[in-house]
Amino acid sequence: MYRIIITLISIFLLFNSAWGLAAEVDSSNPYSMVEQVARNTFSRLTSEREQIKQDPLLINKVVEQELIPYLDYRFAALKILGKYYRQYPLEKINQYTEVFKTYSASVFANALHYYQDQAVEFEPAREFNNQKQTTVRLNINQGSNSINLAFVVRKDTKTEQWRVYDVVAEGISMLSSLQSQFEPILRKEGIEAVMKTMRNTKD
Amino acid sequence: MKKSLFLMMHLSLLILTGCVSNKAIDQESIQYSDPLETVNRSIWDFNYEVLDAFVLRPSAVAYVEYMPQAARTGLLNMAENLEEPSNSINNLLQGKVADSVSSLGRFVLNSTVGLLGVIDVASEIGLERKEEAFGEVLGSWGLETGPYLMLPALGPSDVRSGVGDYVDNFYGPLDALNIYFSIFRMSIKALDARGSVIQQEQQLHASADPYSFVKNAYFQNLEFKVKDGKIEKSAEEQQQDEEIDAYLNNL
């Protein structure tokens, strides 16, 4: 009996501490939102390092739980279509957006494999009132080198919540890289071919 | 005689970049100038499918695996230290006097106290590396990149950066290195750079078109370096953002 209670208490404590680790994310401030999301993600990667080594797919779960909720994948999906989005009916766009959501999760999962407990340093917050978009920058330090990461965030006009729609590493924008890859496919073959490529390239 | 010949070559290359770049300005924000795409693509295939797969990647994997981290850092520091004089001049040419002095200070300090550049003492006392290539100087002076070039073994470049790299090699002490030491220095840099992206190569494999992925990333990174990270959004892009905003609001 005693044992059971102790086990229960320790399980409870374990869960509690795991929950405690994940800081509440405040989406009304873009800077603290990105900082909290990044901290939550990185601390999970660090604490689950061993399990992820054994089962690399676990990283997808981290992405799904820690990143996707703060991602404006609808906006990003439309940005990739660029001027072509008006050519397609809403159902097609919605279908494509869902495909893109899964695809972007796998892109993020791939990118996160790079994180090996490097020190992360956030650049100071700037004024963001009366702005629709802003950029939150951080540096990932590795020895004498540092990699500049910028999160491009936008405020949803309806919900007033800030969410990320692009990640820029050393000036290389993920969104514009995707745009350039999908633009020829979009121009020559259309949205179906883009969806097919996205489905095929995810691991 | 030799000097004046070099100078002539410099000048003619510079003029060439000027001519080419004026014609090659592309209006579309995501489409970069690539008139040589057919040739570039075949060189890319060679670099990516043959050279990288059979030579560079296996060597880089072995280098990262067997070379202790301390030795790797030391060798890279040494290779990069030799670029500090050219960094110093290139900073000065862009009017960044403080960075220019800092680069020179790094060279003096690291070459002496830092044992020929092996130990980066300067970073420890807050003299950070301010890397600038002559190609970036030309960019900051308003010269366009010119067409994209995929070079055999050396990878992505463009006319402006090609000229810049060529000029950089004439600054001391890089000009005084014999060919074997130059190759050794470049190999260290290449192995280290390739080794550090092993983790990210999946992204390249998974991309819909690796060639245009690399081209796009190359030009974006170049612009970032030339403008020191201060990149503004174009007017068209802002307009598109607003259109998408409106579209999403109407759903």
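Chain letters run A, B, ... following the sequence lines, proteins first and then strands; every chain starts at 1.
Ranking A/Leu178, A/Thr135, A/Thr157 against chain B, the residue ahead of the rest is A/Thr157, based on heavy-atom pairs under 4.5 Å.
Summarising the geometry of A/Gln133 relative to B/Asp241, their closest heavy-atom pair is NE2-OD2, 3.1 Å, with the distance given to 0.1 Å. Considering every non-hydrogen atom in both B/Tyr247 and A/Ile93, the closest pair reads OH-CG1, 3.7 Å.
Rounding to the nearest 0.5 Å gives a distance of 8.5 Å between CD of A/Gln179 and CG of B/Asn216. For the atom pair CD1 (B/Ile244) and CG (A/Asp72), the distance works out to 10.0 Å, reported to the nearest 0.5 Å. Taking CG of A/Asn148 as the reference point, atom CG of B/Asp228 lies at 11.5 Å (rounded to 0.5 Å).
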> salt bridge (charged side-chain N to carboxylate O under 4.0 Å, His left out) between B/Glu237 and A/Lys79: does it pass, once the steps are laid out?
Replying inline: CA-CA 9 Å; B/Glu237 212 168 333; A/Lys79 282 283 281 182; 3.5 Å; yes
> What do the steps show when you test B/Phe224 against A/Val168 for side-chain contact (heavy atoms from CB on, under 4.5 Å), and what is the final call?
Replying inline: CA-CA 10 Å; B/Phe224 179 80; A/Val168 186; 5.8 Å; no
>> What verdict does the side-chain contact (heavy atoms from CB on, under 4.5 Å) test give for B/Glu242 and A/Lys132, after you've listed the backbone C-alpha separation in whole Å, the side-chain angles of each residue and the deciding distance to 0.1 Å?
In response: CA-CA 10 Å; B/Glu242 270 163 36; A/Lys132 277 184 186 163; 4.1 Å; yes
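Within 6.0 Å of atom CZ in A/Arg126, 12 or fewer heavy atoms from other residues, nucleotides or ligands are found, so the atom counts as exposed in its surroundings. At most 12 non-hydrogen atoms from other residues, nucleotides or ligands lie less than 6.0 angstrom from NZ of A/Lys53. Other residues, nucleotides and ligands contribute more than 12 heavy atoms inside 6.0 Å of the CG atom of A/Asn129.
Formation of a donor-acceptor pair under 3.5 Å by the B/Gln220 side chain with backbone atoms of A/Ser173 is found in this model.
Using a 4.5 Å cut-off between heavy atoms, A/Ile185 contacts chain B through its side chain alone, with no backbone atom that close. B/Glu124 does not touch chain A: none of its heavy atoms, backbone or side chain, sits under 4.5 Å away. Using a 4.5 Å cut-off between heavy atoms, B/Tyr218 does not touch chain A at all. Of the two parts of B/Glu223, neither the backbone nor the side chain holds a non-hydrogen atom closer than 4.5 Å to a non-hydrogen atom of chain A.
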